[in-house]
Amino acid sequence: MPRPALPLRLSALDENDLQTISATLQDAVAQLGDFEFSRSARTFTLALNRFRWEGGGRNERVRTGLQIAQVTGARSQNLRQGADDAVVNLLSVGFESSDAPSGVVVLVFSGGGELRLSVECLEAVMIDISAPWPASSRPEHEAE
């Protein structure tokens with residue numbers, strides 16, 4: 001009998017850490033209604049269903065939260081404002097440094113969607129918040 005999956009918890013304080021979170025979240029899906037920017041708390045929080053790449057060949061997804069801290073502004077491109085039920089597929093999470101330690105966290109979605117979060121410094125946390133469940137398929141990518 002396989003052991004139950006332990007919740008994954010990752011944090012990022014630099015670009016290398018964020019690359020690990022990005023790889024872990026590749027092909028996560030979310031509804032735009034599960035994105036929240038709190039100006040007063042200066043956080044941007046997303047709830048996503050991520051594919052468990054670390055699942056040992058099993059096709060599983062798990063509910064995961066990603067929170068970016070120290071956010072001073074948020075801009076989006078090709079993401080429908082007010083379309084809370086719209087589903088997006090996350091491709092990557094990156095960081096563009098400007099006046100160190102500040103910069104922009106960039107979330108890229110399939111279909112040309114992009115979310116740009118201006119931050120005073122890079123501070124992100126990703127936490128699994130549910131038990132895994134069977135996924136109908138494994139995400140596939142075309143070879144380049």
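Small disclaimer: the values here were computed from a predicted structure and weren't measured.
Using a distance-only test at 3.5 Å, with no hydrogens or angles considered, a donor-acceptor pair links the side chain of Asn78 to the main chain of Gly112.
What you find for Gln70 and Cys121 is that their closest heavy atoms are CG-SG, 3.7 Å. Residue Gln26 comes nearest to Leu91 through the heavy atom pair CG-O, 3.8 Å, listed as atom of the first residue, atom of the second, then distance. Summarising the geometry of Gly103 relative to Ser98, their closest heavy-atom pair is CA-OG, 3.5 Å, with the distance given to 0.1 Å.
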Derivation and outcome, side chain to side chain contact (heavy atoms under 4.5 Å, CB included), residues Phe51 and Asn59: CA-CA 8 Å; Phe51 187 83; Asn59 290 346; 3.6 Å; yes

Solution key, residues 17-25 side-chain donor-acceptor pairs under 3.5 Å, sequence neighbours excluded:
| unit_1 | atom_1 | unit_2 | atom_2 | d |
| --- | --- | --- | --- | --- |
| Asp17 | OD2 | Leu13 | N | 3.2 |
| Ser22 | OG | Val93 | N | 2.9 |
| Ser22 | OG | Val93 | O | 3.4 |
| Thr24 | OG1 | Thr20 | O | 2.8 |

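Note that OG of Ser102 is 11.0 Å distant from CG of Leu122, once rounded to the nearest 0.5 Å. Interatomic distance, Ser11 OG to Gln67 CD, rounded to the nearest 0.5 Å: 12.5 Å. Remark: Thr72 OG1 to Phe44 CZ distance equals 13.0 Å, nearest 0.5 Å. Between atom OG of residue Ser97 and atom CG of residue Asp14 there is a gap of 11.5 Å, rounded to the nearest 0.5 Å. Taking OG1 of Thr43 as the start and CD of Glu36 as the end, the distance is 7.0 Å to the nearest 0.5 Å. Taken from CG in Asn49 to CG in Asn89, the straight-line distance is 11.5 Å, to the nearest 0.5 Å.
Residue Leu90 is grouped with residue Leu8 when hydrophobic side chains (ILVMFWY) are merged at heavy-atom distances under 4.5 angstrom, including chains of intermediate members. Hydrophobic cluster membership is shared by Phe109 and Val105, with clusters built from Ile, Leu, Val, Met, Phe, Trp and Tyr side chains linked at under 4.5 angstrom. Clustering ILVMFWY residues whenever any of their side-chain heavy atoms sit less than 4.5 angstrom apart, transitively, puts Val108 in a cluster other than the one holding Ile68. Note on Phe37: it clusters hydrophobically with Leu32, by side-chain heavy-atom contacts below 4.5 Å among ILVMFWY residues. Hydrophobic clustering (side-chain heavy atoms under 4.5 Å, transitive across Ile, Leu, Val, Met, Phe, Trp, Tyr) groups Leu10 together with Leu46.
Using a 4.5 Å cut-off on side-chain heavy atoms (C-beta onward), Arg116 and Gln77 make no contact. Within the 4.5 Å cutoff, the side chain of Phe95 has heavy atoms near those of the Val119 side chain. Counting heavy atoms from C-beta on, the side chains of Trp53 and Arg138 come closer than 4.5 Å.
Residues in residues 117-128 take part in these side chain to side chain donor-acceptor pair (under 3.5 Å) pairs, two or more places apart or across chains: Arg42-Glu120, Arg50-Asp128, Thr64-Asp128.
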